[in-house]
Amino acid sequence: MTDRSAVYARIIELIEPLNTKKVPLLEATTFAGDMEMDSLTVMDLVASMEDEWDIMIPLNMLPDLETIGQVADAVHGLVQKKG
Amino acid sequence: MTVDLLSKYDSLIAEHAGLLSTGIRDPFGIVMEKVISPTEAIIKGRHTILLGTYNYMGMTFDPDVIAAGETALREFGAGTTGSRVLNGTYQTHAACEEALKDFYGTSHAMVFSTGYQANLGMVSTLAGKGDFIILDADSHASIYDGCKMSNADIVRFRHNDAGDLEKRLKRLPADAGKLVVLEGVYSMLGDIAPLPELVAIAKAHGAMVLVDEAHGMGFFGEHGRGVYEEQGVADDVDFVVGTFSKSVGTVGGFCVSNHPKFEILRLVCRPYTFTASLPPAVVACAATSIRKLMTAHDKRARLWEATRRLHGGLKARGFKLATETPESAIVSVLMPNQETTALMWSTLIELGVYVNMSRPPATPAGVFLLRCSICALHSNEQIDTVLGRFAEAAARCRLPLVESQAA
Ligand SMILES: Cc1ncc(COP(=O)(O)O)c(C=O)c1O
């Protein structure tokens with residue numbers, strides 16, 4: 001069982017090296033807006049999360065995942081569903 | 001108050017203006033004033049060697065191709081003014097699909113108005129809600145857009161990485177419909193796919209396979225069908241997509257297949273149905289070109305020879321190339337950053353060489369490229385001239401080169 005705070009903490013670790021603008025990483029920080037990540041970087045980041053938790057986050061889900069908090073919720077949900 | 005819908009592009013507008021303010025020519029605003037041959041044009045009054053056209057087999061000025069187009073233009077008129085499924089299928093379109101079936105040895109062929117539309121249509125129509133599309137990370141924009149247009153779940157795997165493909169396929173439900181989309185040649189770096197491994201994994205996981213051979217048609221494989229033919233995986237590929245805008249030398253797109261239910265796609269594939277068909281002259285040119293490409297063995301050999309000459313020559317002069325050896329007729333030169341790429345590109349234009357400038361997001365992972373595509377009609381003298389001009393441009397732009405590499 002992985003709780004949300006653990007998921008969130010690990011996601012922050014995965015994002016950190018890609019945070020070239022050095023913006024504060026908070027629940028409400030957005031990938032495209034605040035961090036100015038391009039779509040390729042976002043897709044690579046998502047792939048690393050998929051591998052981290054052995055889950056699948058289809059690309060078509062990405063438009064709904066704008067903030068770090070939303071990603072944490074989605075990953076946490078997928079991890080729970082996996083059991 | 002009206003919100004200016006174009007203001008979202010302000011940063012791009014500023015970036016582009018910044019590029020041009022350095023005094024360089026607009027890399028995306030080239031006009032060919034006169035086209036002399038498949039390898040030469042006049043640009044801004046200057047005689048220029050074309051090295052970025054994808055006109056691999058030099059069919060654009062083939063006399064038989066031109067004659068077929070002229071005849072069709074006279075006999076069938078300038079355009080069809082209609083969809084393929086209404087009034088837009090002429091005898092010329094049927095003949096073009098026959099030529100494709102003969103070229104590919106398949107039972108079905110469907111001609112679209114562009115290759116972009118062929119990918120858009122095939123990918124979005126094959127995979128629907130509840131299905132999965134599994135695509136290579138470096139896939140062409142038309143494949144990504146086809147995914148967006150479908151209602152399927154989209155899974156992306158690391159470029160040309162069989163292990164990563166397998167890992168991602170394993171996460172999918174066994175009973176779901178799956179389409180694995182691959183390309184024979186990847187047009188940015190000019191590298192080719194390890195299709196036997198990728199296709200075997202796709203098949204082992206119950207997926208159907210579509211291969212885009214846009215940059216492989218004409219000179220890979222015994223019949224010039226593409227990388228999938230050369231690598232011997234034809235029996236396991238369900239759909240091949242291609243274009244007439246590269247080796248065939250005109251415009252148009254297609255999909256060929258042996259699937260027994262293939263013909264129904266004509267009625268459900270929106271980018272096929274809801275657009276006008278190609279002009280008769282275009283499909284007549286394509287059909288003639290395709291039939292000539294079947295047996296163009298000498299041209300194929302010549303294309304590879306010219307490609308090796310360019311790749312080896314650039315390497316010997318210290319340029320960093322995207323592939324260690326020439327894998328396709330695309331030779332990509334790696335550049336350090338946007339400014340140097342633009343300056344090199346602009347200097348080459350001043351010296352009379354046209355290549356493609358490519359930058360993210362069209363390129364993978366922050367890579368800047370000067371992309372050369374070779375034509376079977378490039379002479380050794382032209383290639384040597386180009387090599388000299390590349391060296392000259394590098395000196396003028398102070399591009400760091402690698403010390404003596406053996407070719
Ligand atoms: C891999 C790939 N697929 C499809 C296309 C689209 O072809 P077309 O120019 O016919 O739209 C291209 C060319 O841009 C391509 O490079």
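Protein chains get the first letters and strands the later ones, always in sequence-line order, with residue 1 at the start of each. Quick caveat, the model's predicted, so the values are computed rather than measured.
- Counting heavy-atom neighbours within 6.0 Å of A/K21 NZ, excluding the residue itself, gives a total of 12 or less.
- No part of B/S11 comes within reach of chain A, as not one of its non-hydrogen atoms sits under 4.5 angstrom from that chain.
- Using a 4.0 Å cut-off between charged side-chain N and carboxylate O, A/E50 and B/R168 make a salt bridge.
- Counting heavy-atom pairs closer than 4.5 Å to chain B, the top residue among A/I57, A/D51, A/D38, A/L40 is A/D51.
- Using a 4.5 Å cut-off between heavy atoms, A/I55 touches chain B through its backbone atoms (N, CA, C, O) alone.
- For residues 171-180 of chain B, heavy-atom neighbours of chain A at less than 4.5 Å comprise B/R171, B/L172, sorted by residue number.
- Proximity to chain A is absent for every atom of B/K170, based on heavy atoms less than 4.5 angstrom apart.
- Residues of residues 147-158 of chain B lying within less than 4.5 angstrom of chain A, judged on heavy atoms, are B/A152, B/D153, B/I154, B/V155, B/R156, B/R158 in numerical order.
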